[in-house]
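Any value given below was found using the heavy atoms of this structure, including those in side chains, with hydrogens, waters and symmetry copies removed. All chains are named by letter (A, B, ...) in the order of the sequence lines, taking the proteins before the strands, and each is independently numbered beginning at 1.
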Number of protein chains: 2
Amino acid sequence: MKEIEEILERNKIRVTASRLLVYRYLYERRSVVALSEIENAFGRADRSTLYRTIKTFEENRIVHQIDDGTGVLKYALCEPGCNCNIKSDLHLHFHCNECNETKCLTDHKIPPIEVPDGFVAENANLVIKGVCDKCNLN
Amino acid sequence: MKEIEEILERNKIRVTASRLLVYRYLYERRSVVALSEIENAFGRADRSTLYRTIKTFEENRIVHQIDDGTGVLKYALCEPGCNCNIKSDLHLHFHCNECNETKCLTDHKIPPIEVPDGFVAENANLVIKGVCDKCNLN
DNA sequence: TCAGCAATGCAACAGAAGTGCATTAATTCA
DNA sequence: TGAATTAATGCACTTCTGTTGCATTGCTGA
Ligand SMILES: [Mn+2]
Ligand SMILES: [Mn+2]
Ligand SMILES: [Zn+2]
Ligand SMILES: [Zn+2]
């Protein structure tokens with residue numbers, strides 16, 4: 001918890017109770033989570049506070065947003081060194097059709113994609129759907 | 001219009017007025033459209049009818065759904081020979097940050113993507129964001 | 001200390017997706 | 001043909017997500 005305080009301070013984010021808790025939750029889940037999940041995890045906290053907490057994290061680049069195609073925006077802690085806004089750093093995301101969890105495949109970068117003449121690519125989002133490692137054990 | 005009737009019949013879709021109109025609209029737009037755009041194009045038609053029309057097209061594989069990351073589901077006519085459910089046929093989509101239009105890049109297939117051990121890829125969605133050919137002329 | 005700014009809680013809103021149900025239209029088949 | 005059956009439509013309504021306005025509370029730094 002002391003470490004989380006330091007992380008927040010290092011990123012110029014004021015330390016508050018809900019920020020600590022949300023960060024810890026994201027850290028412990030080690031996964032990609034929707035706002036509604038955070039909401040359920042903290043029954044007493046207000047949704048808009050959690051929403052703004054996540055947005056603050058996002059603006060300060062310690063969380064990145066993921067659109068995994070489920071229709072709900074999800075979020076994950078940035079790994080150390082994650083420059084989620086830089087094109088070359090874009091990693092892909094895997095959505096498991098069995099357990100419905102989405103994972104950051106942090107060290108699987110999106111390969112360079114060719115676009116037709118006249119088009120300029122600035123950004124990319126790649127989501128692979130299938131069955132994850134855990135679900136494949138069964 | 002006669003041709004559209006034939007296409008519908010060939011795909012075992014009953015021919016109705018709204019189906020003809022929606023199909024023609026999609027055909028003429030030659031683009032990726034949201035339900036709300038169809039809605040605006042036909043002021044008089046009911047939203048749920050249009051919704052179910054699109055769903056019917058989708059089930060019968062003459063339209064495919066696109067999640068371009070804008071938060072709104074979009075749809076486009078399948079090109080002849082499009083097997084949008086088969087992995088090898090997955091083409092990529094381009095979203096222009098200038099004009100906000102999304103295009104099917106039908107003959108740009110998603111390259112084979114490596115996933116970590118234990119993961120099985122079944123499907124993929126790749127959206128490139130940037131500036132499209134038309135907007136680049138300015 | 002207290003003025004000023006930031007964070008929170010509550011309410012409310014907007015947009016999209018989806019559904020239940022009664023009505024209307026089209027098909028089937030006796 | 002005409003009744004019975006099935007499909008499509010229109011309308012209203014719900015749910016879910018994301019988002020914002022605003023008053024209140026809490027923190028901080030001159
Ligand atoms: Mn990620
Ligand atoms: Mn397409
Ligand atoms: Zn799984
Ligand atoms: Zn454009």
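Along DNA chain C, the nucleotide nearest to Ala17(A) and the one nearest to Tyr75(B) differ in position, and the one closer to the 5' end is contacted by Ala17(A). Taking for each of Val15(B) and Leu35(B) the nucleotide of DNA chain C with the nearest heavy atom, the 5'-most of the two is the partner of Leu35(B).
Below the 3.5 angstrom threshold, one finds no donor paired with an acceptor across the side chain of Arg47(B) and the base of dG15(C). Judged by distance alone with a 3.5 Å cut-off, a donor-acceptor contact links the side chain of Arg52(B) to the base of dG10(D).
Looking at heavy-atom distances under 4.0 Å, Thr56(B) makes no contact with the nucleic acid at all. Among the protein residues, Thr16(B) comes within range of the sugar-phosphate backbone only, with heavy atoms under 4.0 Å from sugar or phosphate atoms but none that close to a base. Within 4.0 Å of Ser48(A), counting heavy atoms only, lies at least one base atom of the nucleic acid. At a threshold of 4.0 angstrom between heavy atoms, the contacts of Lys55(A) are confined to the sugar-phosphate backbone, with no base atom among them.
Of the candidates dA7(C), dG10(D), dA17(C), the closest approach to any side-chain atom of Leu73(B) belongs to dA17(C). Comparing atom distances between the Tyr51(B) side chain and each of dG18(C), dG10(D), dT8(C) picks out dG18(C) as nearest. Checked against dA17(C), dG9(C), dT8(C), the side chain of Asp46(A) finds its nearest nucleotide in dG9(C). Relative to the side chain of Arg14(B), the nucleotides dT27(C), dT28(D), dT20(D) differ in distance, and dT27(C) lies closest.
The pair Glu101(A)-Lys134(A) fails the salt-bridge criterion, with no side-chain N (NZ, NE, NH1 or NH2) lying under 4.0 Å from an Asp/Glu carboxylate O.
Residue Ile54(B) contributes atom CD1, which lies 18 Å from atom C1' of dT19(C) at whole-angstrom precision.
Judged by a 6.0 Å distance limit and a 45° cone about the ring axis, Arg30(A) is positioned over the six-membered ring of Tyr27(A).
The two residues Glu39(B) and Leu50(B) have their closest heavy-atom pair at CA-CD1, 3.7 Å.
If you check the side chains of Arg29(B) and Tyr25(B), you find a donor sitting under 3.5 Å from an acceptor.
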